[in-house]
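Working notes, structure below.
Note that this is a predicted model, so its numbers are computed, not measured. Letters A, B, ... are given to chains in the order of the sequence lines, protein chains preceding strands, and every chain is numbered from 1.
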2 protein chains.
Amino acid sequence: MVKVTKVDLSPRPVEAMSPRQLERRGNLIAAALALVTEIGVERLQMRQVSERSGVALGTTYRYFSSKDHLLAAAIAEWHRSLLTDLVGEVRGRRAGLTASDRMVRFVRHGMRAYQRQPELARLRVSVAASTDPFASEALQAMARADGAALRAVMTEVPPSTGDVVRHIVGHAWQGELTAWVTGRTTLDDARRRLEDVVRLVLTPYEAADPAA
Amino acid sequence: MVKVTKVDLSPRPVEAMSPRQLERRGNLIAAALALVTEIGVERLQMRQVSERSGVALGTTYRYFSSKDHLLAAAIAEWHRSLLTDLVGEVRGRRAGLTASDRMVRFVRHGMRAYQRQPELARLRVSVAASTDPFASEALQAMARADGAALRAVMTEVPPSTGDVVRHIVGHAWQGELTAWVTGRTTLDDARRRLEDVVRLVLTPYEAADPAA
DNA sequence: GTCGCTTCTGGAACGCGTTCCACTTCTCCG
DNA sequence: CGGAGAAGTGGAACGCGTTCCAGAAGCGAC
């Protein structure tokens, strides 16, 4: 009687990882981010990521189901930290800015951050269409974080339309980023258009933030 | 003295093709579309496309710079024909529908078309982030066609805000399609959200179509 | 300790996009 | 028609994501 069932080789859930494993996972993500900013997404190869974080190639695939999964996790992490920066920045302004003004500041700073790290913009765009379920999950989490941040910025928009407004801004952001990164548009045009979208969709809520 | 300069191996522009070459190009696109609907984007390989259109693999690369380029050209072609269908459909309704109503019909029919051809939806999404300049060009053309179609549907929106509205709808469409195709959302939710976006952004123009 | 398990390692191997090459076939000008 | 340059052919070869395998740690239970 020979053992026939293969061991499960799909990545363990993060919650089920030992501290040692969590550290490895973190190293892999860090290595991926570092390599992307150094040499670009296009030139990044899995073998390098493994080597730089001191694990065998096969091991990398026990933490991430695919290159897409790893990259999605990486950009999600970076994007999350960007979001808290942005929310802080907008909150920092104590004046009674309108929701529209605040949101414009928000996306403007966001676009500038991507401008400073164009390779990360490329990364975000290139990973957005991934069909790897694990990557998809990471991207979904990123979208949720986006939603929460946007909600924090537009406190005066009622929940009824708030969802739709958030989707509009999120999709427009992603779309303009894509258009820029793939060379279909200049960065300035992308930023301008995104701000136009924000203004158009938020003008109904011109009243100053009651919480200010 | 040895000849050193390599021959130009990037695809010739379409305008500069002989009829024979145009036919080949068309065959390649047709084969790609057929194969995509038969077996899906993921499983499609360049070798099959070449074989099915009776051309050597190397030749395929003299017509399209990359798989992305071929696929972009293919989906652009299909999408263009879809757009004329949709515009016709909306125009066909002679009643004095509001811009918002017409646009909702437009995107609803559009989403249904993609629902009937889910592999083409996948194709559109998977190609959207391509950085191949030739692919990018094809996608840009597709976006222009989209813009023209949307303009035809919302005749009563003034040009000042019309651009922005078109971008919103375009990005939301692409975004929801992506979310569906990558399994981050159900098709119904995607459609519903897209229609919400359309309605929110077009309600200011509720007056009936003056041309009706 | 040591047995039994999971995990990790190093490295070979596979698949498919892409490139290259030596050769044949077109095409079209004189 | 003849001959030069462009375009196409068939097939080998390369690069990198991904998979697989046999053996070597790592680690908890007893």
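Rounded to whole angstrom, the span from the CD atom of A/Gln45 across to the C1' atom of C/dG17 amounts to 15 Å. Atom P of nucleotide C/dT7 and atom CZ of A/Arg25 are separated by 16 Å, given to the nearest angstrom. For B/Met17 and D/dG8, the CE to C1' distance is 14 Å, given to the nearest whole Å. Between the OH atom of A/Tyr61 and the P atom of C/dT7 there is a distance of 19 Å, given to the nearest Å. One can place CG of A/Asp68 at 11 Å from P of D/dG17, the figure rounded to the nearest angstrom. Distance NZ (A/Lys67) to P (D/dC16): 9 Å, rounded to an integer number of Å. Computed from coordinates, the A/Leu70 CG to D/dT18 C1' distance equals 14 Å when rounded to whole Å. Taking atom CE of residue A/Met46 and atom P of nucleotide D/dC16, one finds them 14 Å apart after rounding to whole Å.
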Short N/O separations, protein against nucleotides 8-13 of chain C, under 3.5 angstrom:
unit_1	atom_1	unit_2	atom_2	d
C/dC8	OP1	A/Arg24	NH1	3.2
C/dC8	OP1	A/Tyr63	OH	2.8
C/dT9	OP2	A/Ala56	N	2.9
C/dT9	OP2	A/Thr59	OG1	2.6

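With hydrogens and angles disregarded, no donor-acceptor distance shorter than 3.5 Å links the side chain of B/Ser53 to the backbone of B/Val55. Looking only at distances, no side-chain donor or acceptor of A/Glu42 sits under 3.5 Å from a matching main-chain atom of B/Thr131.
No hydrogens or angles considered: a donor-acceptor pair under 3.5 Å links the side chains of A/Ser50 and A/Thr60. A/Tyr114 and A/His79 share a side-chain donor-acceptor pair at under 3.5 Å. Neither side chain, B/Arg20 nor B/Ser18, offers a donor N or O lying under 3.5 Å from an acceptor on the other. Looking only at atom types and distance, the side chain of A/Arg193 has a donor-acceptor partner in the side chain of A/Thr185 under 3.5 Å away. Between the side chains of B/Thr161 and B/Tyr205, at least one donor N or O lies within less than 3.5 Å of an accepting N or O.
Looking at B/Tyr63 and B/Leu70, their side chains never come closer than 4.5 Å, going by heavy atoms from C-beta outward. For the pair B/Gln174/A/His171, no side-chain contact is recorded, criterion being any heavy-atom separation below 4.5 Å from C-beta on.
The stretch residues 27-35 of chain B does not touch DNA chain D, since none of its heavy atoms comes less than 4.0 Å from the strand. Shown for residues 134-142 of chain B: no residue has heavy atoms falling under 4.0 angstrom of DNA chain D.
A salt bridge links A/Glu195 with A/Arg199: the distance from a Lys NZ or Arg NE/NH1/NH2 to an Asp or Glu carboxylate oxygen falls below 4.0 Å.
Across all strands shown, A/Leu44 has heavy atoms under 4.0 Å from sugar-phosphate atoms exclusively, and none from any base. Residue contacts for B/Ser18: at a heavy-atom cut-off of 4.0 Å it reaches no nucleic acid atom on any strand shown.
A distance of 7.5 Å separates CG of A/Asp68 from OG of A/Ser126, quoted to the nearest 0.5 Å.
Of the two residues contacting DNA chain D, namely A/Ser65 and A/Arg43, the nearest-nucleotide position lying further toward the 5' end is that of A/Arg43.
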